[in-house]
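Here the structure comes first, spelled out in structure tokens, and everything after it is commentary.
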Protein chains: 2
Amino acid sequence: MADGRRLRVLVVDDHDVVHWGFRLLLTQQPWVERCVSARTGAEALELAQRFEPHVAVVDLFVGDESGTEICSAIRSGCPGTRVLLISGSGRISATAARAAGAAGFVSKDLAGADVARAVRSIGTGVDVFAPTESGPASRLSPREREVLDLIATGATNREIGATLHLSPYTVKEHASSVYRKLDVRNRAEAVREAQRLGLLA
Amino acid sequence: MADGRRLRVLVVDDHDVVHWGFRLLLTQQPWVERCVSARTGAEALELAQRFEPHVAVVDLFVGDESGTEICSAIRSGCPGTRVLLISGSGRISATAARAAGAAGFVSKDLAGADVARAVRSIGTGVDVFAPTESGPASRLSPREREVLDLIATGATNREIGATLHLSPYTVKEHASSVYRKLDVRNRAEAVREAQRLGLLA
DNA sequence: AGACTTTTCCCCCAATCGGGGGAGGCGACG
DNA sequence: CGTCGCCTCCCCCGATTGGGGGAAAAGTCT
């Protein structure tokens, strides 16, 4: 794709510090043509269409909005733009990122040079899914994550079952699996641990 | 305190992007002499003692470490340095921030100019506690916070009672008060809400 | 094909939870 | 002085939880 061409990059994040950080990081790169930032999904979409960036760096949580949704919106509204999802402290499943149409996923925890390299790789057509899933977080199955999400809202097993169209027995089963995998004893601790691991918004 | 003098600032955060963001933001300010960054509590302490910054900007969560603890460490290891605590998305009680010896607290959500102004205010001896306490967080009594902390560890009311030398009945009473005040139904949701409000770390 | 994981469902049972009620003591604030 | 919030303790009760057991279908990986 982009070979001898310099890249345009769009940064989507609700924190100004992140904007400045990326701007400082990226404008120093000789292969970056320009770097613009959006603070909301709507702004991101608008900028993407007007600006046609090669790469959109999208935070997993942009205010109240979901990074994966913004990713999907950019993908459909501006097909030429490839999306790199970045996470604050937590992790996301590579499959979920792919499902949203992302071309890559990395953690903000990575050193600057690594993030920059990831942006460049995305821009040149190479997919990047950095944090090879390893922690206890990754061992949670999709179903278990769904259940965990609902547990964090204070829902009972019965309510979760109704929501997910499952028997309360099954919900309890998934909940117990989550407790085992996260090494916690109950819902309260599971929520705390999930927050710590960045599994919840 | 610092009048005609330009300020040295230490940024403590585990995310490089935040470092770059603050660097870009602060080095543009004419009243900033220099801006250095630390990625861990130990590094922060070391830099604080060697560098004697006027202001230390400390994230509420630095990797696995607690921002308030780093704040305390800086305060005792380098009394001349005043600390500005910053939060990612959540909030913290101003009282908790004060207890840790912080001279101020703001949210990363603030616009750049506001954050910069807060840093400058801290450096010139003015305390800054931006999100004026009003929410449900501040209404929690000390006992209720203790109970909430222990609930987040997965402890049962009986265990909490043993820890705090209270009857399980009393613990249950405090727990119920917490639920009422945070407008949640149970422990799991209370933990999630407490995290969101920055009551836990 | 066998091992493995995931998902789904069921039962039993003790422990825990959370709301409701009541009660007394304390200190602050007006 | 009365009220109000905080802290402490107690009981009852139904709902919920979480561990133990078993079972079956589907898919993946080797």
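Side chains included, hydrogens not; waters and symmetry mates left out as well; all remaining heavy atoms used. Every chain is numbered from 1, with letters handed out A, B, ... down the list of sequences.
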d(NE2, A/His165; C1', C/dT7) in whole Å: 16 Å
SG on A/Cys71 to CZ on A/Arg82, rounded to 0.5 Å: 11.0 Å
Listed partners of A/Phe51 passing side-chain contact (heavy atoms from CB on, under 4.5 Å), at least two apart: A/Arg8, A/Arg34, A/Val36, A/Pro53
Angle of first-five versus last-five pair axes in the helix from C/dA1-D/dT30 to C/dG30-D/dC1, to 10 degrees: 60°
Heavy atoms of other groups near A/Arg185 CZ, more than 12 under 6.0 Å: yes
Contact summary for B/Ala48 and B/Ile74, nearest pair of heavy atoms: CB-CG2, 4.4 Å
For nucleotides 24-29 of chain C, print each protein N/O atom paired with a nucleotide N/O atom at under 3.5 Å, atom names and distance only.
none

Span of DNA chain D, from the first to the last nucleotide whose atoms fall under 4.0 Å of chain A heavy atoms: D/dT16 to D/dG19
Interatomic distance where CG belongs to B/Leu182 and P belongs to C/dG18 [whole Å]: 13 Å
Spacing of B/Arg185 atom CZ relative to C/dG19 atom C1', expressed in whole Å: 14 Å
A/Arg180 CZ - C/dT5 C1' separation (whole Å): 12 Å
B/Gln49 to B/Glu52 - nearest heavy-atom pair and separation: O-CG, 3.8 Å
Atom pair CD1/CG of A/Ile122 and A/Leu7 - distance to nearest 0.5 Å: 10.5 Å
Toward the 5' end of DNA chain D, by each residue's nearest nucleotide, B/Val171 or B/Asn186: B/Val171
Shortest non-hydrogen contact from B/Glu189 toward A/Thr153: CD-O, 3.1 Å
Phosphate-side-chain proximity, B/Asn157 and C/dC17, N/O vs OP1/OP2 below 4.0 Å: yes
For nucleotides 10-14 of chain C, which of its nitrogen or oxygen atoms have a protein nitrogen or oxygen under 3.5 Å away, and what is each distance?
unit_1: C/dC10; atom_1: OP2; unit_2: A/Ser167; atom_2: OG; d: 3.2
unit_1: C/dC11; atom_1: OP2; unit_2: A/Tyr169; atom_2: OH; d: 2.8

Test applied, salt bridge (Lys or Arg N to Asp or Glu O under 4.0 Å); reference residue, B/Arg39; option that passes from B/Asp14, B/Asp59, B/Asp16: B/Asp16
Separation of C/dC17 P from B/Leu150 CG (nearest whole Å): 13 Å
Nearest-0.5 Å distance, CG of residue A/Leu148 to CG of residue A/Leu182: 6.5 Å
side-chain contact (heavy atoms from CB on, under 4.5 Å) partners for B/Glu173, two or more places apart: B/Ser177, B/Arg180
Residue pair A/Val58 / A/Gly67: nearest heavy atoms and the distance that separates them: CG1-O, 3.7 Å
Contact nearer the 5' end of DNA chain D, comparing B/Glu144 with A/Ala155: B/Glu144
Close side-chain approach of B/Val119 and B/Leu84, heavy atoms under 4.5 Å: yes
Length of the line joining B/Tyr179:OH and C/dT16:C1', which is rounded to integer Å: 11 Å
Nearest-0.5 Å distance that lies between atom CD in A/Glu159 and atom CG in A/Leu150: 9.5 Å
Residue among B/Val9, B/Val17, B/Ile86 satisfying side-chain contact (heavy atoms from CB on, under 4.5 Å) with B/Phe22: B/Ile86
d(CZ, A/Arg158; P, C/dC9) in whole Å: 14 Å
